[in-house]
Asks: 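Please see the structure below; I have some questions.
Convention: sequence-line order gives letters A, B, ...; per-chain numbering from 1.
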Protein chains: 2
Amino acid sequence: MTQDTLRSRLIMAGLEILQEKGLAALTLRACAARVGVSHAAPAHHFSGLPGLLAGIIAKGFTQFADTMEEDRNSAEQTPIGRLCGLCNGYMRFSREHPALFTLMFNTSGEVDTDDPAFCRASDRAYNLLHETCTPYLPVSPQSAATEVLVWALVHGLATLQHSGRIVVTESEGETPTIEDLLRSLPLKLHT
Amino acid sequence: MTQDTLRSRLIMAGLEILQEKGLAALTLRACAARVGVSHAAPAHHFSGLPGLLAGIIAKGFTQFADTMEEDRNSAEQTPIGRLCGLCNGYMRFSREHPALFTLMFNTSGEVDTDDPAFCRASDRAYNLLHETCTPYLPVSPQSAATEVLVWALVHGLATLQHSGRIVVTESEGETPTIEDLLRSLPLKLHT
DNA sequence: CCTTTTTACTTGACAGTGTCAAGCTGGGTG
DNA sequence: CACCCAGCTTGACACTGTCAAGTAAAAAGG
(Lines give C-alpha, C1' and ligand atoms only; values in the text may rest on other atoms or scores of the structure.)
Protein backbone atom coordinates (compact mmCIF):
# COMPACT_ATOMS: atom_id res chain seq x y z
CA MET A 1 0.00 0.00 0.00
CA THR A 2 1.20 3.45 -0.82
CA GLN A 3 1.34 6.18 1.77
CA ASP A 4 -1.91 6.89 3.55
CA THR A 5 -1.74 10.60 2.91
CA LEU A 6 -4.91 12.42 1.97
CA ARG A 7 -3.39 12.97 -1.42
CA SER A 8 -3.02 9.29 -2.19
CA ARG A 9 -6.37 8.46 -0.60
CA LEU A 10 -8.06 10.93 -2.93
CA ILE A 11 -6.41 9.32 -5.93
CA MET A 12 -7.53 5.88 -4.76
CA ALA A 13 -11.06 7.18 -4.28
CA GLY A 14 -10.99 8.57 -7.78
CA LEU A 15 -9.90 5.24 -9.24
CA GLU A 16 -12.66 3.44 -7.35
CA ILE A 17 -15.33 5.87 -8.49
CA LEU A 18 -14.08 5.56 -12.05
CA GLN A 19 -14.31 1.78 -11.87
CA GLU A 20 -17.67 1.63 -10.13
CA LYS A 21 -19.65 4.49 -11.63
CA GLY A 22 -17.78 5.65 -14.70
CA LEU A 23 -16.22 8.84 -15.90
CA ALA A 24 -19.22 11.11 -15.45
CA ALA A 25 -19.33 10.35 -11.72
CA LEU A 26 -15.72 11.37 -11.17
CA THR A 27 -15.90 14.77 -9.50
CA LEU A 28 -13.78 16.55 -6.96
CA ARG A 29 -16.60 16.57 -4.48
CA ALA A 30 -17.35 12.88 -4.93
CA CYS A 31 -13.72 11.99 -4.24
CA ALA A 32 -13.69 14.19 -1.18
CA ALA A 33 -16.95 12.72 0.10
CA ARG A 34 -15.74 9.15 -0.36
CA VAL A 35 -12.61 9.87 1.64
CA GLY A 36 -14.68 11.71 4.22
CA VAL A 37 -13.29 15.22 3.97
CA SER A 38 -14.87 18.50 2.97
CA HIS A 39 -15.45 19.40 -0.63
CA ALA A 40 -12.61 21.91 -0.76
CA ALA A 41 -9.96 19.75 0.87
CA PRO A 42 -8.52 18.41 -2.41
CA ALA A 43 -7.51 21.91 -3.46
CA HIS A 44 -4.73 21.81 -0.83
CA HIS A 45 -3.11 18.78 -2.47
CA PHE A 46 -3.83 19.29 -6.13
CA SER A 47 -4.12 22.35 -8.28
CA GLY A 48 -7.83 21.93 -8.77
CA LEU A 49 -9.50 19.26 -10.83
CA PRO A 50 -6.80 19.12 -13.53
CA GLY A 51 -4.26 18.27 -10.85
CA LEU A 52 -6.36 15.52 -9.33
CA LEU A 53 -6.97 14.04 -12.75
CA ALA A 54 -3.24 14.12 -13.45
CA GLY A 55 -2.68 12.17 -10.23
CA ILE A 56 -5.32 9.61 -11.12
CA ILE A 57 -3.97 9.25 -14.64
CA ALA A 58 -0.41 8.84 -13.37
CA LYS A 59 -1.57 5.95 -11.19
CA GLY A 60 -3.51 4.64 -14.17
CA PHE A 61 -0.43 4.59 -16.38
CA THR A 62 1.47 2.72 -13.70
CA GLN A 63 -1.20 0.01 -13.59
CA PHE A 64 -1.31 0.08 -17.39
CA ALA A 65 2.43 -0.50 -17.66
CA ASP A 66 2.21 -3.25 -15.04
CA THR A 67 -0.50 -5.04 -17.02
CA MET A 68 1.45 -4.87 -20.28
CA GLU A 69 4.70 -5.94 -18.66
CA GLU A 70 3.00 -8.86 -16.95
CA ASP A 71 1.34 -10.16 -20.11
CA ARG A 72 4.48 -9.62 -22.15
CA ASN A 73 6.67 -11.52 -19.70
CA SER A 74 4.27 -14.43 -19.31
CA ALA A 75 4.01 -14.92 -23.08
CA GLU A 76 6.20 -17.03 -25.28
CA GLN A 77 9.64 -15.39 -25.16
CA THR A 78 10.16 -14.75 -28.85
CA PRO A 79 10.04 -11.29 -30.44
CA ILE A 80 6.58 -11.81 -31.88
CA GLY A 81 5.36 -13.63 -28.75
CA ARG A 82 6.46 -10.78 -26.53
CA LEU A 83 4.90 -8.22 -28.85
CA CYS A 84 1.59 -10.08 -28.87
CA GLY A 85 1.74 -10.39 -25.09
CA LEU A 86 2.33 -6.67 -24.69
CA CYS A 87 -0.56 -5.81 -26.97
CA ASN A 88 -2.83 -8.33 -25.28
CA GLY A 89 -2.06 -6.50 -22.07
CA TYR A 90 -2.93 -3.23 -23.79
CA MET A 91 -6.29 -4.63 -24.87
CA ARG A 92 -6.94 -6.27 -21.53
CA PHE A 93 -6.35 -3.06 -19.62
CA SER A 94 -8.68 -1.12 -21.87
CA ARG A 95 -11.33 -3.81 -21.34
CA GLU A 96 -10.95 -4.08 -17.59
CA HIS A 97 -10.70 -0.36 -16.90
CA PRO A 98 -12.78 1.33 -19.59
CA ALA A 99 -13.43 4.61 -17.80
CA LEU A 100 -9.84 4.99 -16.66
CA PHE A 101 -8.58 4.17 -20.14
CA THR A 102 -10.84 6.83 -21.62
CA LEU A 103 -9.62 9.37 -19.11
CA MET A 104 -5.98 8.52 -19.74
CA PHE A 105 -6.12 8.93 -23.49
CA ASN A 106 -8.66 11.69 -23.66
CA THR A 107 -6.73 14.57 -22.18
CA SER A 108 -8.76 17.24 -23.93
CA GLY A 109 -7.05 20.07 -22.15
CA GLU A 110 -8.62 19.82 -18.71
CA VAL A 111 -5.79 17.75 -17.29
CA ASP A 112 -2.35 18.92 -16.22
CA THR A 113 0.04 17.09 -18.58
CA ASP A 114 3.10 18.65 -16.99
CA ASP A 115 2.67 16.70 -13.76
CA PRO A 116 6.00 14.91 -13.18
CA ALA A 117 4.44 11.67 -11.91
CA PHE A 118 2.21 11.62 -14.96
CA CYS A 119 5.19 12.05 -17.30
CA ARG A 120 7.20 9.36 -15.53
CA ALA A 121 4.43 6.75 -15.63
CA SER A 122 3.50 7.65 -19.19
CA ASP A 123 7.11 7.37 -20.33
CA ARG A 124 7.47 3.98 -18.69
CA ALA A 125 4.47 2.64 -20.60
CA TYR A 126 5.85 4.01 -23.85
CA ASN A 127 9.29 2.54 -23.20
CA LEU A 128 7.76 -0.90 -22.82
CA LEU A 129 6.38 -0.61 -26.32
CA HIS A 130 9.64 0.80 -27.62
CA GLU A 131 11.72 -2.02 -26.12
CA THR A 132 9.44 -4.71 -27.41
CA CYS A 133 9.68 -3.30 -30.93
CA THR A 134 13.48 -2.95 -31.04
CA PRO A 135 14.11 -6.46 -32.44
CA TYR A 136 12.34 -5.38 -35.62
CA LEU A 137 13.46 -3.40 -38.63
CA PRO A 138 11.43 -0.30 -39.46
CA VAL A 139 8.58 -1.23 -41.80
CA SER A 140 9.25 1.91 -43.82
CA PRO A 141 12.19 4.36 -44.15
CA GLN A 142 11.15 6.26 -41.03
CA SER A 143 13.07 4.98 -38.04
CA ALA A 144 10.06 4.94 -35.69
CA ALA A 145 7.80 3.27 -38.22
CA THR A 146 7.39 -0.10 -36.52
CA GLU A 147 6.49 1.17 -33.08
CA VAL A 148 4.15 3.77 -34.53
CA LEU A 149 2.50 1.08 -36.63
CA VAL A 150 2.04 -1.24 -33.67
CA TRP A 151 0.96 1.50 -31.30
CA ALA A 152 -1.56 3.02 -33.68
CA LEU A 153 -2.93 -0.43 -34.46
CA VAL A 154 -3.42 -1.61 -30.90
CA HIS A 155 -4.61 1.77 -29.68
CA GLY A 156 -7.08 2.14 -32.49
CA LEU A 157 -8.46 -1.34 -31.96
CA ALA A 158 -8.76 -0.81 -28.22
CA THR A 159 -10.48 2.53 -28.67
CA LEU A 160 -12.89 1.34 -31.34
CA GLN A 161 -13.86 -1.81 -29.46
CA HIS A 162 -14.18 0.09 -26.23
CA SER A 163 -16.59 2.58 -27.77
CA GLY A 164 -18.65 -0.20 -29.29
CA ARG A 165 -17.83 0.62 -32.91
CA ILE A 166 -16.12 -2.70 -33.45
CA VAL A 167 -17.95 -5.45 -31.63
CA VAL A 168 -16.06 -8.49 -30.49
CA THR A 169 -17.96 -11.46 -31.88
CA GLU A 170 -17.92 -14.71 -29.98
CA SER A 171 -18.06 -16.78 -33.14
CA GLU A 172 -14.68 -15.34 -34.18
CA GLY A 173 -15.33 -15.94 -37.85
CA GLU A 174 -15.59 -12.24 -38.56
CA THR A 175 -13.56 -10.04 -36.31
CA PRO A 176 -9.82 -10.50 -35.91
CA THR A 177 -8.04 -10.20 -32.58
CA ILE A 178 -5.05 -7.96 -32.05
CA GLU A 179 -2.90 -11.06 -32.26
CA ASP A 180 -4.33 -11.95 -35.69
CA LEU A 181 -3.55 -8.46 -36.93
CA LEU A 182 -0.05 -8.31 -35.48
CA ARG A 183 0.89 -11.67 -37.00
CA SER A 184 -0.35 -10.46 -40.39
CA LEU A 185 2.15 -7.57 -40.37
CA PRO A 186 5.36 -7.88 -42.43
CA LEU A 187 7.68 -7.54 -39.43
CA LYS A 188 11.31 -8.47 -40.11
CA LEU A 189 13.99 -9.07 -37.48
CA HIS A 190 17.27 -7.15 -37.50
CA THR A 191 19.95 -8.80 -39.69
CA MET B 1 -27.99 25.54 -46.56
CA THR B 2 -30.13 23.27 -44.48
CA GLN B 3 -33.49 24.34 -43.10
CA ASP B 4 -33.41 27.39 -40.90
CA THR B 5 -35.34 25.74 -38.09
CA LEU B 6 -34.24 26.36 -34.54
CA ARG B 7 -33.16 22.75 -34.40
CA SER B 8 -30.66 23.06 -37.20
CA ARG B 9 -29.52 26.48 -36.03
CA LEU B 10 -28.69 25.01 -32.63
CA ILE B 11 -26.64 22.28 -34.25
CA MET B 12 -24.78 24.83 -36.34
CA ALA B 13 -24.12 26.92 -33.23
CA GLY B 14 -22.76 23.84 -31.51
CA LEU B 15 -20.40 23.09 -34.37
CA GLU B 16 -19.15 26.67 -34.36
CA ILE B 17 -18.56 26.69 -30.62
CA LEU B 18 -16.73 23.39 -30.89
CA GLN B 19 -14.49 24.79 -33.60
CA GLU B 20 -13.83 28.12 -31.94
CA LYS B 21 -13.62 27.34 -28.24
CA GLY B 22 -13.29 23.58 -27.91
CA LEU B 23 -15.21 20.80 -26.30
CA ALA B 24 -15.36 22.24 -22.79
CA ALA B 25 -17.23 25.31 -24.05
CA LEU B 26 -19.98 23.27 -25.71
CA THR B 27 -22.98 23.63 -23.42
CA LEU B 28 -26.70 23.73 -23.97
CA ARG B 29 -26.87 27.27 -22.67
CA ALA B 30 -24.02 28.48 -24.86
CA CYS B 31 -25.72 27.10 -27.96
CA ALA B 32 -29.00 28.69 -26.98
CA ALA B 33 -27.33 32.04 -26.28
CA ARG B 34 -25.48 32.05 -29.60
CA VAL B 35 -28.72 31.45 -31.46
CA GLY B 36 -30.45 34.05 -29.32
CA VAL B 37 -33.08 32.00 -27.56
CA SER B 38 -33.65 31.24 -23.91
CA HIS B 39 -31.60 28.63 -22.11
CA ALA B 40 -34.42 26.08 -22.01
CA ALA B 41 -35.46 26.35 -25.65
CA PRO B 42 -33.26 23.45 -26.87
CA ALA B 43 -35.18 21.01 -24.69
CA HIS B 44 -38.15 21.31 -27.07
CA HIS B 45 -36.11 20.06 -30.03
CA PHE B 46 -33.73 17.61 -28.40
CA SER B 47 -34.07 15.27 -25.48
CA GLY B 48 -31.67 17.24 -23.35
CA LEU B 49 -27.97 17.50 -23.83
CA PRO B 50 -27.50 13.92 -25.10
CA GLY B 51 -29.95 14.64 -27.89
CA LEU B 52 -28.23 17.86 -28.94
CA LEU B 53 -24.88 16.11 -28.93
CA ALA B 54 -26.33 13.35 -31.10
CA GLY B 55 -27.49 15.98 -33.57
CA ILE B 56 -24.09 17.66 -33.63
CA ILE B 57 -22.31 14.33 -34.01
CA ALA B 58 -24.61 13.29 -36.84
CA LYS B 59 -23.71 16.46 -38.72
CA GLY B 60 -20.09 15.80 -37.84
CA PHE B 61 -20.17 12.33 -39.37
CA THR B 62 -21.69 13.74 -42.53
CA GLN B 63 -18.83 16.22 -42.87
CA PHE B 64 -16.40 13.45 -41.96
CA ALA B 65 -17.72 11.20 -44.73
CA ASP B 66 -17.66 14.13 -47.18
CA THR B 67 -14.01 14.80 -46.38
CA MET B 68 -13.00 11.16 -46.83
CA GLU B 69 -14.97 10.76 -50.02
CA GLU B 70 -13.49 13.93 -51.47
CA ASP B 71 -9.89 12.96 -50.73
CA ARG B 72 -10.47 9.41 -51.91
CA ASN B 73 -11.96 10.50 -55.22
CA SER B 74 -9.30 13.10 -55.94
CA ALA B 75 -6.48 10.62 -55.36
CA GLU B 76 -4.88 8.28 -57.88
CA GLN B 77 -7.64 5.86 -58.86
CA THR B 78 -5.96 2.60 -57.95
CA PRO B 79 -6.95 0.43 -54.98
CA ILE B 80 -4.02 1.59 -52.87
CA GLY B 81 -4.31 5.18 -54.08
CA ARG B 82 -7.96 5.30 -53.13
CA LEU B 83 -7.25 3.74 -49.75
CA CYS B 84 -4.50 6.26 -49.03
CA GLY B 85 -6.80 9.08 -50.13
CA LEU B 86 -9.56 7.89 -47.81
CA CYS B 87 -7.20 7.66 -44.87
CA ASN B 88 -5.63 11.02 -45.65
CA GLY B 89 -9.15 12.39 -45.43
CA TYR B 90 -9.59 10.64 -42.09
CA MET B 91 -6.40 12.25 -40.78
CA ARG B 92 -7.23 15.63 -42.28
CA PHE B 93 -10.64 15.73 -40.64
CA SER B 94 -9.22 14.85 -37.25
CA ARG B 95 -6.63 17.61 -37.67
CA GLU B 96 -9.04 20.28 -38.89
CA HIS B 97 -11.82 19.51 -36.41
CA PRO B 98 -10.10 18.24 -33.29
CA ALA B 99 -12.86 18.98 -30.81
CA LEU B 100 -15.59 17.57 -33.04
CA PHE B 101 -13.52 14.48 -33.72
CA THR B 102 -13.05 13.91 -30.00
CA LEU B 103 -16.75 14.31 -29.41
CA MET B 104 -17.65 11.93 -32.22
CA PHE B 105 -15.45 9.08 -31.03
CA ASN B 106 -15.71 9.63 -27.34
CA THR B 107 -19.35 8.76 -26.72
CA SER B 108 -18.79 7.90 -23.09
CA GLY B 109 -22.48 7.31 -22.44
CA GLU B 110 -23.77 10.88 -22.33
CA VAL B 111 -24.82 10.88 -25.97
CA ASP B 112 -27.89 9.28 -27.53
CA THR B 113 -26.47 6.65 -29.90
CA ASP B 114 -29.93 5.54 -31.02
CA ASP B 115 -30.58 8.78 -32.88
CA PRO B 116 -31.53 7.79 -36.44
CA ALA B 117 -29.62 10.63 -38.14
CA PHE B 118 -26.57 9.70 -36.13
CA CYS B 119 -26.80 6.05 -37.20
CA ARG B 120 -27.31 6.98 -40.86
CA ALA B 121 -24.33 9.33 -41.02
CA SER B 122 -22.15 6.97 -39.02
CA ASP B 123 -23.04 4.05 -41.29
CA ARG B 124 -22.25 6.08 -44.39
CA ALA B 125 -18.75 6.84 -43.08
CA TYR B 126 -18.19 3.20 -42.27
CA ASN B 127 -19.39 2.07 -45.68
CA LEU B 128 -16.84 4.32 -47.36
CA LEU B 129 -14.12 2.43 -45.54
CA HIS B 130 -15.75 -0.90 -46.30
CA GLU B 131 -16.04 -0.17 -50.02
CA THR B 132 -12.50 1.05 -50.32
CA CYS B 133 -11.23 -2.14 -48.71
CA THR B 134 -13.24 -4.59 -50.82
CA PRO B 135 -10.56 -4.93 -53.56
CA TYR B 136 -8.32 -6.58 -50.99
CA LEU B 137 -8.14 -10.09 -49.63
CA PRO B 138 -8.44 -10.43 -45.86
CA VAL B 139 -5.00 -10.17 -44.25
CA SER B 140 -5.91 -13.06 -41.94
CA PRO B 141 -8.61 -15.78 -41.89
CA GLN B 142 -11.21 -13.40 -40.45
CA SER B 143 -13.29 -11.95 -43.25
CA ALA B 144 -13.29 -8.41 -41.84
CA ALA B 145 -9.58 -8.44 -41.13
CA THR B 146 -8.44 -5.90 -43.71
CA GLU B 147 -10.94 -3.20 -42.92
CA VAL B 148 -10.42 -3.68 -39.19
CA LEU B 149 -6.66 -3.45 -39.72
CA VAL B 150 -6.95 -0.27 -41.75
CA TRP B 151 -9.54 1.30 -39.51
CA ALA B 152 -7.69 0.58 -36.28
CA LEU B 153 -4.48 1.85 -37.82
CA VAL B 154 -5.79 5.15 -39.12
CA HIS B 155 -7.99 5.75 -36.11
CA GLY B 156 -5.20 4.99 -33.68
CA LEU B 157 -2.80 7.27 -35.50
CA ALA B 158 -5.34 10.06 -35.67
CA THR B 159 -6.18 9.75 -31.99
CA LEU B 160 -2.58 9.56 -30.81
CA GLN B 161 -1.45 12.49 -32.93
CA HIS B 162 -4.46 14.50 -31.98
CA SER B 163 -3.78 14.03 -28.26
CA GLY B 164 -0.14 14.98 -28.73
CA ARG B 165 1.27 11.56 -27.91
CA ILE B 166 2.73 11.14 -31.36
CA VAL B 167 4.12 14.40 -32.61
CA VAL B 168 4.31 15.04 -36.30
CA THR B 169 7.89 16.05 -37.00
CA GLU B 170 8.59 18.40 -39.86
CA SER B 171 11.90 16.76 -40.65
CA GLU B 172 10.01 13.56 -41.52
CA GLY B 173 13.03 11.41 -40.79
CA GLU B 174 11.40 9.90 -37.72
CA THR B 175 7.64 9.70 -37.84
CA PRO B 176 5.84 7.92 -40.65
CA THR B 177 2.68 9.24 -42.24
CA ILE B 178 -0.48 7.20 -42.58
CA GLU B 179 0.43 6.70 -46.22
CA ASP B 180 3.85 5.27 -45.27
CA LEU B 181 2.18 2.83 -42.91
CA LEU B 182 -0.56 1.78 -45.32
CA ARG B 183 1.94 1.11 -48.09
CA SER B 184 3.98 -1.06 -45.72
CA LEU B 185 1.03 -3.39 -45.16
CA PRO B 186 0.95 -6.73 -47.01
CA LEU B 187 -2.30 -5.99 -48.84
CA LYS B 188 -3.13 -8.35 -51.71
CA LEU B 189 -5.76 -7.82 -54.39
CA HIS B 190 -8.51 -10.36 -55.03
CA THR B 191 -7.43 -13.15 -57.47
C1' DC C 1 -65.74 34.73 -36.62
C1' DC C 2 -65.05 32.99 -32.23
C1' DT C 3 -63.33 29.48 -29.20
C1' DT C 4 -60.22 25.90 -28.06
C1' DT C 5 -56.13 23.39 -28.36
C1' DT C 6 -51.54 22.78 -29.51
C1' DT C 7 -46.99 24.26 -30.43
C1' DA C 8 -42.80 27.11 -29.41
C1' DC C 9 -40.74 29.40 -26.36
C1' DT C 10 -39.75 32.10 -21.75
C1' DT C 11 -39.17 32.52 -16.93
C1' DG C 12 -37.87 30.89 -12.68
C1' DA C 13 -36.38 27.50 -9.74
C1' DC C 14 -33.49 23.40 -8.19
C1' DA C 15 -29.50 20.44 -7.30
C1' DG C 16 -25.08 19.75 -8.75
C1' DT C 17 -20.31 21.24 -10.32
C1' DG C 18 -15.31 23.69 -9.67
C1' DT C 19 -13.18 27.45 -7.49
C1' DC C 20 -12.11 31.06 -4.40
C1' DA C 21 -11.91 33.71 0.20
C1' DA C 22 -12.18 33.57 4.92
C1' DG C 23 -12.11 31.19 9.26
C1' DC C 24 -10.86 27.60 12.45
C1' DT C 25 -7.57 24.37 14.77
C1' DG C 26 -3.95 21.94 16.48
C1' DG C 27 0.96 21.07 16.53
C1' DG C 28 5.65 22.83 16.07
C1' DT C 29 8.94 26.87 16.63
C1' DG C 30 10.74 31.20 18.26
C1' DC D 1 4.04 31.79 26.36
C1' DA D 2 3.21 33.83 21.93
C1' DC D 3 3.33 32.88 17.24
C1' DC D 4 2.48 30.97 12.98
C1' DC D 5 1.37 28.10 9.62
C1' DA D 6 -0.09 23.85 7.13
C1' DG D 7 -4.46 21.26 6.76
C1' DC D 8 -8.93 21.40 6.66
C1' DT D 9 -13.86 23.49 6.99
C1' DT D 10 -17.44 26.68 5.90
C1' DG D 11 -19.72 29.55 2.95
C1' DA D 12 -20.27 31.87 -1.13
C1' DC D 13 -20.09 32.55 -6.32
C1' DA D 14 -20.95 31.63 -11.19
C1' DC D 15 -21.80 28.06 -13.99
C1' DT D 16 -24.05 23.69 -15.66
C1' DG D 17 -28.49 20.54 -17.14
C1' DT D 18 -33.20 19.76 -16.10
C1' DC D 19 -37.81 20.42 -14.75
C1' DA D 20 -42.47 22.94 -13.88
C1' DA D 21 -45.29 26.62 -14.83
C1' DG D 22 -46.60 30.42 -17.60
C1' DT D 23 -47.29 33.01 -22.13
C1' DA D 24 -48.18 34.21 -26.78
C1' DA D 25 -49.28 33.09 -31.18
C1' DA D 26 -50.63 29.99 -34.63
C1' DA D 27 -53.60 26.18 -35.93
C1' DA D 28 -57.93 23.61 -35.55
C1' DG D 29 -62.76 23.05 -34.95
C1' DG D 30 -67.41 24.56 -34.91
Asks: Gln63(A) and His97(A): side-chain donor and acceptor closer than 3.5 Å?
Replies: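 Result is no, nothing qualifies.
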
Asks: With Thr132(B), which of Glu69(B), Arg82(B), Glu147(B), Arg72(B) fulfils side chain to side chain donor-acceptor pair (under 3.5 Å)?
Replies: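 That would be Arg72(B); it is the only one of Glu69(B), Arg82(B), Glu147(B), Arg72(B) passing the side chain to side chain donor-acceptor pair (under 3.5 Å) with Thr132(B).
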
Asks: Rounded off to whole Å, could you give me the CZ-to-C1' distance for the Phe46(A) and dC8(D) pair?
Replies: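 Rounding to the nearest Å, CZ of Phe46(A) and C1' of dC8(D) are 15 Å apart.
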
Asks: Which label fits Phe64(A) and Phe93(A): parallel for a plane angle under 30°, tilted from 30 to 60°, or perpendicular past 60°?
Replies: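 Phe64(A) and Phe93(A): tilted rings.
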
Asks: When the aromatic ring centroids of His155(B) and Phe105(B) are compared, is their separation below 6.0 Å?
Replies: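 Yes, the ring centres sit under 6.0 Å apart.
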
Asks: Write down the protein N/O and nucleotide N/O pairs, taken from nucleotides 12-17 of chain D, whose separation is under 3.5 Å; answer none if there are no such pairs.
Replies:
residue	atom	partner	partner atom	Å
dT16(D)	OP1	Thr27(B)	OG1	3.4
dG17(D)	OP1	Leu28(B)	N	2.7
dG17(D)	OP2	Leu28(B)	N	3.3
dG17(D)	OP2	Arg29(B)	N	3.2
dG17(D)	N7	Arg29(B)	NH1	2.4
dG17(D)	O6	Arg29(B)	NH1	3.1

Asks: Distance-only, no hydrogens or angles: does the His45(A) side chain make a donor-acceptor pair with backbone N or O of Leu10(A) under 3.5 Å?
Replies: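 No, His45(A) side chain to Leu10(A) backbone: no donor-acceptor pair under 3.5 Å.
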
Asks: Do side-chain atoms of Thr146(B) reach the backbone of Leu137(B) as a donor and acceptor pair under 3.5 angstrom?
Replies: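 Between the backbone of Leu137(B) and the side chain of Thr146(B) there is a qualifying donor-acceptor contact (under 3.5 Å).
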
Asks: Does the Ser122(B) side chain pair with the main chain of Cys119(B), one donor and one acceptor, at a distance under 3.5 Å?
Replies: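 No, Ser122(B) side chain to Cys119(B) backbone: no donor-acceptor pair under 3.5 Å.
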
Asks: Quick one: how far along DNA chain C does chain B reach, first to last nucleotide 5' to 3', anything under 4.0 Å to a heavy atom?
Replies: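 Both ends considered, the range comes out as dC9(C) to dA13(C).
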
Asks: Where is the tightest heavy-atom contact between Asn88(B) and Asp71(B), given as atom of each residue plus distance?
Replies: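 In terms of heavy atoms, the two residues are closest at C-OD2, 3.9 Å.
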
